[in-house]
2 protein chains.
Amino acid sequence: MKKFEGMGSLTEENYIKSIYSLSQATGEVYVSDLANKLRVKLPTVNSMVKKLAVKKLLSYAPYKGIKLTEKGKKEALSIIRKHRLAELFLVQVLGLGWEEVHDIAEQLEHVNSERFYDRIDQMLGYPTADPHGEPIPDVNGKISANKRISLSELQEGKSAKIAAVGNDEKTFLDHLNTKGLQIGDSVTVKRKEAFDGSVTITMKGKKETMLSHIVAERIWVEL
Amino acid sequence: MKKFEGMGSLTEENYIKSIYSLSQATGEVYVSDLANKLRVKLPTVNSMVKKLAVKKLLSYAPYKGIKLTEKGKKEALSIIRKHRLAELFLVQVLGLGWEEVHDIAEQLEHVNSERFYDRIDQMLGYPTADPHGEPIPDVNGKISANKRISLSELQEGKSAKIAAVGNDEKTFLDHLNTKGLQIGDSVTVKRKEAFDGSVTITMKGKKETMLSHIVAERIWVEL
DNA sequence: TAAATATGTTAGATGGCTCTAACATTTTAA
DNA sequence: TTAAAATGTTAGAGCCATCTAACATATTTA
Ligand SMILES: [Mn+2]
Ligand SMILES: [Mn+2]
Ligand SMILES: [Mn+2]
Ligand SMILES: [Mn+2]
């Protein structure tokens with residue numbers, strides 16, 4: 001799997017992608033977060049971070065946080081774009097379930113071929129969201145952002161539309177499948193329990209369902 | 001890109017595949033052939049061959065030829081299956097040209113996902129040949145073999161159907177595109193030049209075309 | 001058959017990515 | 001404000017896939 005000059009290795013791509021998504025979630029990125037996310041030890045991250053700094057993909061100083069440069073962000077967005085196009089393709093064209101596409105997309109995101117991804121993009125009609133509701137960056141890395149809140153923050157009595165899930169893990173998505181929840185569904189919050197943060201919702205044509213806090217937290221809705 | 005236990009690395013997969021295809025072409029496989037094909041130096045091949053022998057993927061003794069074991073052949077066929085399914089998929093579903101799919105398939109053949117390839121296989125209707133006419137091994141590694149001869153061996157005056165091309169390189173396939181030759185076309189040999197081995201053919205609805213020996217040699221026909 | 005040539009192997013090194021063990025700095029808590 | 005805890009870095013190692021240089025075997029040719 002040869003890459004173009006100046007392109008990162010598969011390993012580098014995974015670091016860049018993880019740094020990007022951690023920075024989205026938490027602002028600053030720390031060596032330990034990365035080590036945790038990538039399931040490698042601290043010194044491993046430390047040396048890779050130094051290497052990526054030399055390549056000007058990120059800026060960092062010892063004992064300080066990590067920040068992607070513009071170049072680094074651009075690369076991250078390109079990989080994320082490929083990941084999400086791949087996921088949507090697997091669902092819409094190959095008919096796989098949203099709970100099983102992430103692991104395959106982890107592989108496909110490293111495929112180096114403009115043609116391949118241009119075709120997929122075209123075939124899918126230049127989509128803006130993946131099967132989990134996450135935005136797909138366009139060829140220039142631009143993301144269309146809608147305002148979303150977590151279902152766990154939605155007030156009792158309010159209704160909203162499920163826009164995205166904040167987790168691609170199979171076990172989580174299997175759980176949502178069991179509950180019958182899908183992207184685009186309208187839900188209404190009937191009760192919120194102060195004690196455990198659980199949320200009871202209703203949906204058209206379904207009976208009441210209770211979601212635990214950890215689940216509700218990972219569901220993003222639009223009003 | 002994690003692999004299952006016992007699965008080879010990307011590099012190992014490429015060695016196995018190359019050994020397989022060289023053994024098809026020439027019977028015995030030598031270290032130097034492999035080095036040549038993979039564009040690495042002899043000692044590199046030498047150490048990898050030793051490693052693969054330890055893994056029982058091939059048998060070899062110093063200064064002797066290399067032979068895949070049953071296990072090695074099975075792995076080779078699995079990779080070739082994925083390569084060819086990928087190529088056909090890229091042509092039939094994504095609408096890419098037969099001259100541009102090989103390089104992408106070189107990457108996709110290493111994707112580890114039964115589901116992914118089962119779906120592609122199903123979507124394509126369990127095909128038996130790739131866009132270049134090469135047979136696609138079934139899930140058990142079985143290949144349906146038709147008797148084919150090279151167009152350069154076809155006698156003057158005889159007709160046959162183009163069944164396959166013996167080369168996936170873009171430059172070669174671009175050349176065939178220019179000549180307007182496709183898999184499935186019926187051709188008749190009008191003249192064979194003894195001096196340079198060139199072959200002049202006719203096809204329905206087209207005027208005479210001359211193919212040089214090196215081209216005719218790489219086109220396989222069925223009577 | 002002996003020399004020349006082609007082919008294959010061993011030894012030793014390098015770069016990429018990872019690890020453990022030891023040490024350093026920064027943050028938090030007593 | 002010092003001690004403890006958390007976090008980060010350096011040193012040194014190993015495995016993988018590759019290389020060059022030197023050496024060994026096999027094949028061809030004179
Ligand atoms: Mn995903
Ligand atoms: Mn997703
Ligand atoms: Mn091919
Ligand atoms: Mn092919």
Side-chain angles (χ1 to χ4, degrees), chain A residues 1-19 22-23 25-67 75 79 106-107 110 112, chain B residues 1-19 22-23 25-67 75 79 106-107 110 112:
Chain A
M1 246 199 236
K2 288 228 187 70
K3 306 273 169 185
F4 289 129
E5 287 173 51
M7 280 218 53
S9 65
L10 185 148
T11 308
E12 284 178 17
E13 290 190 356
N14 284 333
Y15 275 82
I16 294 296
K17 187 173 58 127
S18 293
I19 293 166
L22 287 172
S23 76
T26 67
E28 289 271 302
V29 180
Y30 297 97
V31 174
S32 54
D33 301 334
L34 251 187
N36 189 48
K37 173 143 193 169
L38 293 167
R39 297 162 168 287
V40 295
K41 304 298 175 191
L42 282 174
T44 306
V45 172
N46 189 261
S47 53
M48 180 56 91
V49 163
K50 281 194 232 169
K51 186 209 270 194
L52 295 173
V54 169
K55 292 195 175 185
K56 306 278 189 211
L57 288 161
L58 54 81
S59 61
Y60 120 106
Y63 296 101
K64 296 282 180 297
I66 297 160
K67 262 188 80 173
E75 173 148 357
I79 302 162
E106 284 291 312
Q107 300 179 59
H110 303 289
N112 183 291
Chain B
M1 252 199 235
K2 285 226 189 72
K3 305 274 171 184
F4 290 126
E5 288 172 48
M7 280 218 54
S9 65
L10 186 148
T11 309
E12 283 176 20
E13 289 190 357
N14 283 333
Y15 274 82
I16 293 296
K17 188 172 57 126
S18 293
I19 293 166
L22 286 171
S23 76
T26 67
E28 291 270 302
V29 181
Y30 297 97
V31 174
S32 54
D33 301 333
L34 251 186
N36 189 50
K37 175 145 192 169
L38 293 167
R39 297 161 167 285
V40 294
K41 304 299 176 190
L42 283 174
T44 306
V45 172
N46 189 261
S47 53
M48 180 57 88
V49 163
K50 282 195 231 169
K51 184 209 271 197
L52 296 174
V54 168
K55 293 196 175 187
K56 307 278 187 208
L57 288 161
L58 54 80
S59 61
Y60 119 106
Y63 295 104
K64 296 282 178 300
I66 298 160
K67 262 188 81 173
E75 174 149 355
I79 303 162
E106 284 291 313
Q107 299 179 60
H110 302 291
N112 183 290

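In terms of heavy-atom proximity, Glu75(B) sits nearest to Gly8(B) at OE2-N, 4.0 Å. For Tyr60(A) against Ala53(A), the heavy-atom pair with the smallest separation is CD2-CB, 4.2 Å.
Checked by atom type and distance alone, the side chain of Ser47(B) pairs as donor or acceptor with a backbone atom of Thr44(B) at under 3.5 Å.
Distance CD1/Ile66(A) to CG/Leu22(A): 9.0 Å, rounded to 0.5 Å.
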Measure all distances between protein nitrogen or oxygen atoms and nitrogen or oxygen atoms of nucleotides 8-10 of chain D, and list the pairs falling under 3.5 Å.
| unit_1 | atom_1 | unit_2 | atom_2 | d |
| --- | --- | --- | --- | --- |
| dG8(D) | OP2 | Ser32(A) | N | 3.0 |
| dG8(D) | OP2 | Ser32(A) | OG | 2.8 |
| dG8(D) | O3' | Tyr63(A) | N | 3.3 |
| dT9(D) | OP1 | Tyr63(A) | N | 2.9 |
| dT9(D) | OP2 | Asn46(A) | ND2 | 2.4 |
| dT9(D) | O5' | Asn46(A) | ND2 | 3.1 |
| dT10(D) | OP2 | Lys50(A) | NZ | 2.7 |

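We find that OH of Tyr15(B) is positioned 14 Å from P of dC16(D), with the value rounded to whole Å. For the pair Asn36(B) CG and dG8(C) P, the interatomic distance rounds to 11 Å; values are reported in whole Å.
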message = Let's go through Leu10(B) and Leu10(A) carefully: what are the C-alpha distance in whole Å and the side-chain angles of both, what is the deciding distance for side-chain contact (heavy atoms from CB on, under 4.5 Å) to 0.1 Å, and is it a yes or a no?
response = CA-CA 12 Å; Leu10(B) 186 148; Leu10(A) 185 148; over 6 Å; no
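Thr44(B) comes within contact range of at least one nucleobase, with a heavy-atom separation under 4.0 Å.
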